[in-house]
Amino acid sequence: MTEQAILQIMDIRKDFSGLEVLTSVNFTVGANERFAVIGPNGAGKTTLFNVISGKFPATSGAVLFKGRDISSQSAYRRARMGMARSFQITNIFQQLSALDNVLAGVRSHQGLRYNLLRRPHHDQRLIELSEAILERIGLQDYRDVPAQELAYGQQRALELGVTLSCDPELILLDEPTAGMSRKETEDAIQMISRVTRDIACVIIEHDMNVVFTLADRISVLHYGVILACGAPDEIRCDQKVKDAYLGEDES
Ligand SMILES: Nc1ncnc2c1ncn2[C@@H]1O[C@H](COP(=O)(O)OP(=O)(O)OP(=O)(O)O)[C@@H](O)[C@H]1O
Ligand SMILES: [Mg+2]
């Protein structure tokens, strides 16, 4: 990899009162890379995201972000440094329009209090910023539509828009297409691909079509260890991965 690393996961171990969930996880994500983490249910993928984002500390090992050891930094601090996480549960204000949802995120990032009693449309610059985000997530035509009237896939897109409002350099996406129809998934692939053109992304996903379409590199997490890590073609052909996870139908 020639580009500089944005994220380095170094020998991460995580136990929950004696239950070892992550044993020794190592990988590096490049500054402009789409990196996927796959593996069976209970493999430790979400736990890994919790350690990366600072929800809880690793038992041992280190997380480096932009070359700095952030292992002891809070989740808030990591977010301020440019690491954003999109949650499994849709995390938007249902009554607010698509624009106002993104605007609330933008204002919060800029340190401005969102005033629910006063429509904050006086700051044209922040509105333009929010409109640009709506365009990135493909919701520019739904600017004034309340979130609750959007289709499920659009709500997930809006959630990603709120995530983008803090201008991240790395986004962590945990199963972004879970529960989506085939058409919604296709749209989500396009949108994620567009959004991550100039930022790094780590994506946890069970849908192999999504993984193999989007990812520059894939790592396979199995019982707390990385079984294999490489380009999609390498992973597809890896016998260990086929035996443990993909099965013959993916070959
Ligand atoms: N806070 C916690 N306390 C105790 N055990 C936990 C905690 N979080 C996760 N675990 C355990 O760690 C293991 C891995 O869970 P995790 O949610 O990381 O898996 P996953 O790979 O994300 O699975 P899935 O694909 O189903 O989302 C599971 O056995 C789970 O019960
Ligand atoms: Mg999970």
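Read the numbers this way: they start at 1 and go in the same order the structure lists the ligands and their atoms. These numbers were taken from a predicted model, which means no experiment stands behind them.
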Check your understanding: With a distance cut-off below 6.0 Å to the six-membered ring centre and an angular limit of 45° from the axis, does Lys45 pair with Phe49 as a cation-pi contact?
Key ->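 Pair Lys45/Phe49 does not count as cation-pi.
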**Study point:** Lys NZ or Arg CZ of Arg78 over Phe65 ring: under 6.0 Å, within 45°
**Key:** no
Practice item. Look at the side chain of Thr177 and the backbone N and O of Met180, then say whether any donor-acceptor pair between them is shorter than 3.5 Å. Key: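 Absent.
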Check your understanding: Nearest protein heavy atom to atom 2 (C) of ligand 1: under 4.0 Å?
Key ->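 Yes, there is a protein heavy atom closer to it than 4.0 Å.
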Check your understanding: Protein heavy atoms: any of them under 4.0 Å from atom 20 (P) of ligand 1?
Key -> yes
In the protein, which heavy atom is nearest to [atom], and how far is it?
atom	answer
atom 23 (O) of ligand 1	Gly42 N, 2.8 Å
atom 10 (N) of ligand 1	Phe16 CE1, 3.5 Å
atom 25 (O) of ligand 1	Lys45 NZ, 2.6 Å
atom 17 (O) of ligand 1	Thr46 CB, 3.8 Å

Practice item. Only heavy atoms count here, so choose which of Asn50, Leu221, Asn41 is nearest to atom 26 (O) of ligand 1. Key: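 Considering heavy atoms of Asn50, Leu221, Asn41, the nearest to atom 26 (O) of ligand 1 sits in Asn41.
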Exercise for review: Determine, considering heavy atoms only, which of Leu48, Leu19, Thr47, Asp174 sits nearest to atom 16 (P) of ligand 1.
Suggested key: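 Going through Leu48, Leu19, Thr47, Asp174 one by one, Thr47 has the nearest heavy atom to atom 16 (P) of ligand 1.
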**Study point:** the Mg ion (ligand 2) contact by Thr47, N, O or S atom under 2.8 Å
**Key:** no
Between [X] and [Y], is any pair of side-chain heavy atoms under 4.5 Å apart?
X	Y	answer
Asp69	Val63	no
Leu48	Val25	yes
Asp207	Thr185	yes

Review point. Can you list the steps and then say if Arg182 with Asn209 is a side-chain hydrogen bond (donor to acceptor under 3.5 Å, both in side chains)?
Key: CA-CA 10 Å; Arg182 182 177 283 264; Asn209 178 38; over 6 Å; no
Point to revise | Atoms in ligand 1 flagged as close to His206, the criterion being non-hydrogen separation under 4.0 Å | key: 25 (O)
Practice item. Could you list which atoms of ligand 1 come closer than 4.0 Å to a heavy atom of Glu175? Key: 25 (O), 27 (O)
Practice item. Say whether Val21, considering both its backbone and side-chain N or O atoms, lies within less than 3.5 Å of an N or O atom on ligand 1. Key: no
**Study point:** Carboxylate-amine/guanidinium proximity below 4.0 Å for Asp141 and Arg143
**Key:** no
